[in-house]
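Taking it in order: structure first as structure tokens, then the write-up.
Hydrogens, waters and symmetry mates play no part in the numbers below; they use all other heavy atoms, side chains included.
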Amino acid sequence: MANSKQAQPLGGRLGDFFTVPWRNHARHREILWLDAWNKAAGVMLRTPGRGSLSLWGPWAFCFGAAAYFFPLYEPSPFLPLAVLLVCLGVGYWVHRRTGSNGLWAIFILVMIATFLSGWGRAQWRSHSRAAPVLSAKSTVYKGHGLVLGVDKERGHRARYLIAPSSLGRLSASDMPKRIRMTAFANDAQTGDQVNFTAALQAPPKARFPGAYNFAKAAWFKSIGGTGFSYGHLRSLGVSPQTPGFSLRLAKIRRKMAVRIRESLGGQKGAIAAALVTGDRSAINNKTAEDLRVAGLAHMLAISGLHMGLVAGLVFGVGGMMFAAISAIGEHYDARKPAALLGLLVATGYLLLSGAGAPTERAFVMTAVALGAVLFNRRALSLRTISIAALMVAVLNPENVISPGFIMSFSAALALIAFYEWAGSRVQLLPRPVGFSFLQTLSRLAAIIGALALTSLVAGFATGPFAAFYFHRAAVYGLIANIAAMPVFTFIVMPALLAGTLLDVIGMGAPFYALAGWGLDLIINIAHGVALMPGALARIPAAPPLVPAIMAAGLLLLCLTRSFRRLWGVASIVVGVMIWSNTSPPDGLITANGGAIKVMVNDEIRLVGFGTFSKFELGQLASALAIAPQNAIHIKKASKVLSCDAAGCMAQLMDGRRIVFNLDMGQLEEDCRHADIVVAGSAPSARTATRCPADRLIRPAMNEEVTYFLNFDHEKAEKIIPNPIRPWSKSMP
């Protein structure tokens with residue numbers, strides 16, 4: 001008879017549980033729970049394998065780097081470090097206790113640790129770029145410095161980047177490393193020493209949530225002051241000191257850009273210079289706007305498309321040349337020396353184009369792809385694109401939240417995932433059999449169809465992010481890309497590559513002329529598409545959470561398999577629903593002014609007041625899905641509103657009357673005749689009592705907050721604190 005102290009045997013897992021000694025029950029419950037968790041997680045996502053960390057880890061790092069920039073206040077650097085150590089410790093403990101049964105738990109803990117590593121890298125980068133910043137109040141300085149670059153040429157004005165050696169009475173510890181100012185064009189060239197008198201101030205912060213933050217962009221470039229010069233810069237000639245490599249390279253870029261512009265002339269020369277050297281300063285507003293409306297603006301930024309075409313052409317031609325050499329083609333893989341040659345040319349293109357953020361991303365992606373060829377790996381795969389994203393995020397984590405990073409990698413992810421999926425199911429291009437006219441024509445049609453399909457897939461991947469950042473959508477972008485991309489791919493870029501290489505020996509002119517012909521054709525296509533009715537759709541701003549949800553959905557859609565892709569579709573749908581259910585405000589108020597939507601002749605306009613500039617009004621109008629040309633300051637509103645010396649009257653969206661008061665003595669009368677009264681300046685306490693609080697809109701009393709207004713039969717206010725981060729600080 002069995003001992004009464006022993007448990008009777010039972011069948012199955014339940015029996016195994018009860019036969020385990022009492023001291024092991026807790027451990028067995030852990031194993032059962034983790035096993036159930038593994039099965040449930042395996043239904044939603046693919047079970048982590050040996051390569052899961054290299055596939056998902058880089059994106060967790062990128063999400064962590066992006067998350068650092070969104071809090072309103074600078075987080076403690078010790079919090080993510082503490083959580084990181086806890087995650088690593090818990091992951092190690094789970095692995096020791098459960099082994100393979102804790103696979104999902106360990107994987108999630110490692111992803112959290114990677115997320116926090118990205119956060120920490122971004123925070124370290126932010127603090128390591130700390131440099132002196134001028135006062136927010138504009139001050140006139142006399143100074144001396146070295147010109148590091150010239151760009152943004154508009155008519156007789158240009159923008160200069162200067163490293164000051166003296167600036168007024170500022171000490172060396174208080175002097176910015178770099179300043180940026182506008183002055184007369186041709187006053188100085190890159191590498192010149194200059195004297196100047198300029199009105200300078202700290203780079204302006206974002207005036208409202210979601211606006212472009214010049215201060216943050218300048219912080220990571222060590223630019224501590226911006227402004228304009230009084231009179232001409234006084235050039236003292238080239239610096240007697242031996243210029244550094246970057247300064248020499250900047251001078252070469254500048255000379256090459258000027259040479260290309262003079263050789264081609266007009267806007268085609270300006271675009272050609274932008275494609276070769278990254279200098280877009282000579283492209284006028286009309287051409288840039290036509291390209292944006294037509295969905296062709298991506299051609300202007302040197303990105304993965306340009307770097308891929310240049311490196312791909314060199315790789316392809318080099319591969320054929322090396323294969324034709326019997327000593328190489330018969331004994332070695334001709335692709336490897338061709339990959340080295342392509343990498344060398346890509347490096348030269350990176351340096352020549354100024355190594356901007358989009359170009360760095362493109363170079364890293366190209367280098368990873370060519371490196372995969374050298375090490376016998378797939379040149380284009382989801383894993384290589386993930387590693388490229390990680391390298392970019394580690395080098396410059398501030399670029400992770402830029403539209404260029406998100407759009408370039410989303411397009412690359414979507415294209416690789418789509419062609420991996422479609423390539424295993426259908427023959428996308430006909431096999432090169434025969435050379436008859438019909439077969440050649442069919443192959444040409446297939447190539448054009450593949451370009452159209454590529455534009456369609458890339459457009460779907462980047463469209464939501466473009467709409468989020470730029471508040472617009474190119475309705476006929478697919479048509480414009482189908483018409484322009486073959487010219488750009490097969491004529492413009494190869495001709496510019498050949499022209500740049502042969503220009504060293506004075507034989508680049510014919511190729512530049514061919515590129516100019518292609519660019520003229522692209523400009524005409526963009527202009528024609530921009531003139532089509534309804535070519536531009538304006539889209540209101542979305543909450544910052546929306547792009548994060550959509551990016552997560554795109555990753556799930558591209559990195560998972562079979563029915564699990566539906567989780568990515570569901571995530572994207574959730575993002576769209578949140579966006580569509582977000583109603584834009586009717587206006588906003590800050591301590592220095594604001595802007596409110598009004599109705600004028602059945603057309604929505606934005607009226608600004610206070611110190612809001614034309615650029616800031618245009619930014620806000622775009623965020624509210626209003627054409628920037630329909631934004632006007634109250635000082636110039638007499639052209640469209642009923643105005644007198646005391647103020648202007650308009651009509652709100654719901655039909656109520658609103659008065660923009662310009663004379664405090666008339667405030668009480670305005671409040672009697674209008675439903676809403678906007679005070680251009682802060683009224684005194686006694687004056688404010690003459691107007692009911694539910695009718696009066698006054699500037700914000702606190703400079704650290706922004707008030708969003710919603711007029712839904714009443715005045716509703718939503719208070720949004722202004723961020724206080726390292727890049728928002730300035731000298732007192």
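Atom CD of Gln619 and atom OH of Tyr212 lie 9.5 Å apart (nearest 0.5 Å). Interatomic distance, NZ of Lys177 versus NZ of Lys221, reported as 15.5 Å (0.5 Å rounding). Summarising the geometry, atom CG belonging to Leu340 is positioned 5.0 Å from atom CG belonging to Leu374; distances are rounded to the nearest 0.5 Å. Here the straight-line distance linking atom CE of Met181 with atom OG1 of Thr197 works out to 9.0 Å at 0.5 Å rounding.
A donor-acceptor pair is defined here as one N or O able to donate and one able to accept, closer than 3.5 Å; such a pair exists between the side chain of Asn481 and the backbone of Gly477. Side-chain atoms of Thr489 never come within 3.5 Å of backbone atoms of Pro486 as a donor-acceptor pair (strictly under, hydrogens ignored). Checking side-chain atoms of His144 against main-chain N and O of Pro164 turns up no donor-acceptor pair under 3.5 Å. Using modelled atom types, one side-chain atom of Ser408 and one backbone atom of Phe405 make a donor-acceptor pair closer than 3.5 Å. With Ser622 contributing its side chain and Gly618 its backbone, the two residues share a donor-acceptor pair below 3.5 Å. In this structure a side-chain-to-backbone donor-acceptor pair under 3.5 Å is present from Arg121 to Val394. Judged by distance alone, the side chain of Ser263 and the main-chain N or O of Ile260 form no donor-acceptor pair under 3.5 Å. Counting only distance, with no hydrogens or angles, the side chain of Asn213 and the backbone of Lys216 share a donor-acceptor pair below 3.5 Å. A donor-acceptor contact shorter than 3.5 Å is absent between the side chain of Arg178 and the backbone of Ile223. Asn396 places no side-chain N or O within 3.5 Å of a backbone atom of Glu398 that could act as its donor or acceptor partner.
Within a 6.0 Å radius of NZ in Lys336, more than 12 heavy atoms belonging to other residues, nucleotides or ligands are found. Summarising the local packing, CG of Asn195 is surrounded by more than 12 heavy atoms from other residues, nucleotides or ligands at distances under 6.0 Å.
Two rings, from Phe468 and Phe470, have their centers 6.0 Å or more apart. Annotation: Tyr469 is not in aromatic contact with Phe465 [ring centroid separation under 6.0 Å not met].
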Quiz item: What's the verdict on side-chain hydrogen bond (donor to acceptor under 3.5 Å, both in side chains) for Glu289 and His527, showing C-alpha distance, side-chain angles and the deciding distance?
Solution: CA-CA 9 Å; Glu289 182 65 16; His527 183 66; over 6 Å; no

Self-check item: Val293 vs Arg472, side chain to side chain contact (heavy atoms under 4.5 Å, CB included): CA-CA, chis, key distance, verdict
Solution: CA-CA 9 Å; Val293 174; Arg472 57 169 66 191; 4.2 Å; yes

Practice problem: Any chance you could lay out the side-chain hydrogen bond (donor to acceptor under 3.5 Å, both in side chains) test for Thr500 and Asp503, step after step, and finish with the verdict? | Solution: CA-CA 5 Å; Thr500 303; Asp503 195 47; over 6 Å; no

Practice problem: Take Thr611 and Arg207 through the side-chain hydrogen bond (donor to acceptor under 3.5 Å, both in side chains) test and state the conclusion after the steps. | Solution: CA-CA 10 Å; Thr611 59; Arg207 289 293 295 270; 3.2 Å; yes

Exercise. With ring-ring contact (aromatic ring centres under 6.0 Å, His included) as the test, would you mind laying out the steps for Phe488 and Phe490 before giving the verdict?
Key: CA-CA 6 Å; Phe488 183 82; Phe490 299 117; over 10 Å; no

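Remark: Arg157 is positioned above the aromatic ring of Phe184, its terminal NZ or CZ atom under 6.0 angstrom from the ring centre and at most 45 degrees off the axis. Taking the ring centre of Tyr68 as origin, the terminal cationic atom of Arg125 falls outside the region bounded by 6.0 Å and 45° from the ring axis.
Between Arg259 and Glu262 there is no salt bridge, since none of the side-chain N atoms of the basic residue sits less than 4.0 Å from a carboxylate O of the acidic one. A salt bridge is defined here as a Lys NZ or Arg NE, NH1 or NH2 lying under 4.0 Å from an Asp or Glu carboxylate O, and Arg261 with Asp279 meets this definition.
Closest approach of Arg280 and Ala274 over heavy atoms only: CG-CB, 3.4 Å. In terms of heavy atoms, Ala206 sits closest to Ala211 at CB-O, 3.8 Å.
For the side chain to side chain contact (heavy atoms under 4.5 Å, CB included) with Leu233, the qualifying choice from Asn186, Asp192, Asp187 is Asp187, the only one to do so.
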